[in-house]
Structures are given as structure tokens and as C-alpha cells.
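The first residue of the sequence shown is numbered 1, and numbering continues consecutively from there.
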Amino acid sequence: MTTMNSIPCMIMRGGTSRGPFLRMRDLPDSQEEQAEILLNLMGSGHALQIDGIGGGDPLTSKVAIVERSSDLEADVDYLFAQVDVLSRRVDFNPNCGNMLSAVGPYAIETGLVEVQEGTTIVRVRNLNTQRLIECHVPTPGRQVTYEGDTRISGVPGEAAGIQLSFLDIVGTKTGALLPTGRASDTIEGIEVTCLDAATPIIMIDAADLGLSGQESPAELDDHRAMLERLERIRREAGHRMGLGDVSQSVLPKPVLVSAPADDTSTLCTRYFVPHRCHKAIAVTGAIAVATAVSVPGTVANRIAVEAGRLEADGQLPQVKLEHPSGFIDLDVEHRCGNPVDIARVSLIRTARKIMSGTIFYSLPSAPGPDMLTSKAS
């Protein structure tokens, strides 16, 4: 037996992702109960998510939960949830920097943060990583503006630019920039870099998997043998990084790295989420790769040096990454010239409010099993 329920909701595009934004106060305290609600309002368990508002793709099956923060250093708390399309599972463990792009506008629109003239800085505490992010939201005339002339790859048209500055990004899940203690490891005979900056990733030279690095997401998604090998490597990397059995988690995320085709770029990337290739690149994944470029001995550092984009002992404050939909630019600020001590990483995203209202969903009389894969740390 099911019961029809409703909850206030704002659907927003944040960067190259889209999903509902909810208030934490409108949800139950238990993450198991929260997961059940999210699964039903997104329509998970069906390829099209036909009975909910999900878009049948990992990039449009995301949820942001926001509330006023009790942390004196933050204005609002942000909890991200990755809702599986086909399986009835919700992962509260990863972070999503693209959805984060819309947290500042949402907080202002819903009265959680007082709007300022010109630009409103919203300080966000990410509950998935317990890290702080500054969101610089354009608010001319004390109103959030979504119109502007900023373009980001993977999104049509132009919009107002929102600067995101990620603070204290090292070791968000493992406590260390290089969780294995090394810049390079070997798994299944392949050199890999296990790194944790904004999110845990495992970097692999695309050539070591017999790839050029320029393949489209569709081509990579059809390469079953490669995906199976990539998953074996990812699971072993998860153990070595101290994340345990990651077979039911989206972390760490695999990233294939190669020399860039564009003369102005630093590296070419193909980012996985983790079993399908991202049509662009996640913000947190881009931050991790950009951080790795200046860390001696990493796969990213080696390829950047070989491609002539970086001196062997140098640091790169501006990093431009190629991805399937275009490019992403990042500013990396190191402390005291130390390549492994990152003060902040900043980039520009855009966001748009799509709708605001009430969303209806059905709930069974008792939550189903195995719907929560991991809780936020």
C-alpha cells in the first residue's frame, strides 16, 4: 500500500547537472527515510525514471538538500545525493560541484541568506566532505540574476557567471592528498595515481588502456572489456586508498588522462561516474586533476610535462582541461610554493532556476532494503 505525499521543491540546473533542491527541514532526520523519498520522487528503478522527475541519466538524477547552517563559518549546509537511475540506491557519499553552483542562488531565493547589492557571497558547508566553499552570486539590484554572457562547455547558451572557490580541498574522504603515500602505484600492470582533492579519483594514462584519450563517451561506454578492467582497477584502488569495498560506491572516480589536442589546454580528460563516461567532467573531478598537475610523479604531472605544458619541477596556477563537451578552466592557489599544499581552487560555473512549487511522490508503507549505499561522512 502506498501513500501520496508532497514536498516543496525548486528544480535548478547547476553547471552541467540538474535536479531538485529541497530544504532539510522538510525531510525526515533518518537518511534511510530520506533515501526512500528521493528514490520515489526521482522515479528510480526505471530507465526513463518515468514515474518521477529524474532524466534517466546520472547527470540529471541528482538531489541537493540545503538548510541554514549551525556552523559559524558557513551560511548554509549542502548535502548532495546521487540517486541511481536503474537501481533503487542513493549514495550520500560523493560531492557534486556542478549542483553546488546553484546552492548560492537557491539559498538567496529561499531567504536562507540575505541578499547584498552587486554580489552576494554565500558560504557553503558541504556535509558530504565537511569542507567550505565560497559562492559569489551576481545580485544586481539585490536580486539573483541568471542572465549573463558566460558560457560553459556542456550547457547551451549564456548565463551569469558564478565563481566557486573550494577551500581546504585536500583529503576530503581519505585524509590525505595521496592516500597510498605515493604519487604513482601499479595495479594490474598499469601505472595509476590515487589522489584525494575535493573528491577521491584514480588517474590512468589512456594509452595504457589502448586508447587515444579522444574517444567519445558513447565509444567508451560501448567498450565493455575496457570498462570491466577499469572497474577492477577502481575497486583495488579503493582498498588501497582506505575506502574499503567500493563495489557499491561511486568513489573513487576513474579519470583517463592524455595529452591535449588544443594548444592552449593542459590535459585531455575522460571522467567516469564511475561506470559511464561523463559527457563533460564533474567540477570536483576537475579540481582533483588540476591539483594533480603540479604534484611531482602523478600521472597528470608526467603527461603535462611530456606534452610541454609544465616544467618538471614547476607549478601551474591556471589549468585548462579538455573534456568531451569542451573545456574547463581552473585557478589553483598553492601555499608558500608547496605543490602539495593547496589553499583553494576556483572556477566559474552558471546556474538557472527552472521551476518552483510542490512535488508529489508515493511512499510504500515500509522502506525497501538496500536503498542507501553509503551515508555522508
Show the nearest heavy-atom pair for residues [X] and [Y], with the distance to one decimal.
X	Y	answer
Gln82	Pro58	NE2-O, 3.1 Å
Glu322	Ala261	OE2-N, 2.9 Å
Tyr271	Val255	CD1-CG2, 3.5 Å
Ser17	Lys62	OG-NZ, 3.0 Å
Ser362	Met4	OG-CE, 3.6 Å
Ala160	Thr350	O-CG2, 3.4 Å

Checklist entry - Going through the checks in order, is the side-chain hydrogen bond (donor to acceptor under 3.5 Å, both in side chains) test met by Lys279 and Thr16? => result CA-CA 9 Å; Lys279 293 179 176 60; Thr16 56; over 6 Å; no
State the [atom1]-[atom2] distance between [X] and [Y], to the nearest 0.5 angstrom.
X	Y	atom1	atom2	value
Thr110	Arg68	OG1	CZ	8.5 Å
Asp57	Leu59	CG	CG	4.5 Å
Asp331	Leu316	CG	CG	10.5 Å

[X] side chain to [Y] backbone, donor-acceptor under 3.5 Å:
X	Y	value
Glu158	Arg151	no
Asp91	Ser249	no
Glu67	Arg23	no
Asn128	Leu79	no
Thr266	Leu321	no
Glu333	Val345	no
Arg142	Val115	yes
Gln34	Pro28	yes
Arg88	Ser44	yes
Arg234	Val246	yes

Do [X] and [Y] share a hydrophobic cluster (ILVMFWY, side-chain heavy atoms under 4.5 Å, transitive)?
X	Y	answer
Met10	Tyr78	yes
Val289	Leu177	yes
Leu256	Ile201	no
Leu330	Ile133	yes

Next on the checklist: Checking Tyr106 now: which residues fulfil ring pair (Phe, Tyr, Trp, His ring centres under 6.0 Å) with it, not counting sequence neighbours?
Outcome noted: Phe21
Next on the checklist: A quick test of your reading: do over 12 heavy atoms of other residues, nucleotides or ligands sit less than 6.0 Å from CG of Asp51?
Outcome noted: no
Checklist entry - Around Glu117, counting heavy atoms of other residues, nucleotides and ligands shown, do more than 12 lie under 6.0 Å from its CD? => result yes
Item to check | Residues Arg235, Glu231; criterion salt bridge (charged side-chain N to carboxylate O under 4.0 Å, His left out); working and verdict | outcome: CA-CA 6 Å; Arg235 293 188 185 190; Glu231 177 61 9; 2.7 Å; yes
Checklist entry - Quick one: hydrophobic cluster around Ile152, which other residues, with the 4.5 Å side-chain cut-off, linked directly or via members? => result Val155
Taking atom types as modelled, find out whether [X] and [Y] have a side-chain donor-acceptor pair closer than 3.5 angstrom.
X	Y	value
Asn95	Thr199	no
Ser69	Asp71	no
Thr119	Gln116	no

Next on the checklist: Can you confirm whether Leu41 sits close enough to Ile53 that some side-chain heavy atom of one is under 4.5 Å from a side-chain heavy atom of the other?
Outcome noted: yes
Checklist entry - Does Ser101 reach the side chain of Leu164, with side-chain heavy atoms less than 4.5 Å apart? => result yes
Checklist outcome for this item: Contacts of Asp196 meeting side chain to side chain contact (heavy atoms under 4.5 Å, CB included) (sequence neighbours excluded), chain-then-number -> Thr172, Lys173, Thr174, Pro179, Pro200
Next on the checklist: Taking the basic N atoms (NZ, or NE/NH1/NH2) and the acidic carboxylate oxygens, is any pair closer than 4.0 Å for Lys320 and Asp329?
Outcome noted: no
Next on the checklist: Looking at Asp84 and Arg89, is there a salt bridge between them, counting it only when a charged N and a carboxylate O are closer than 4.0 Å?
Outcome noted: no
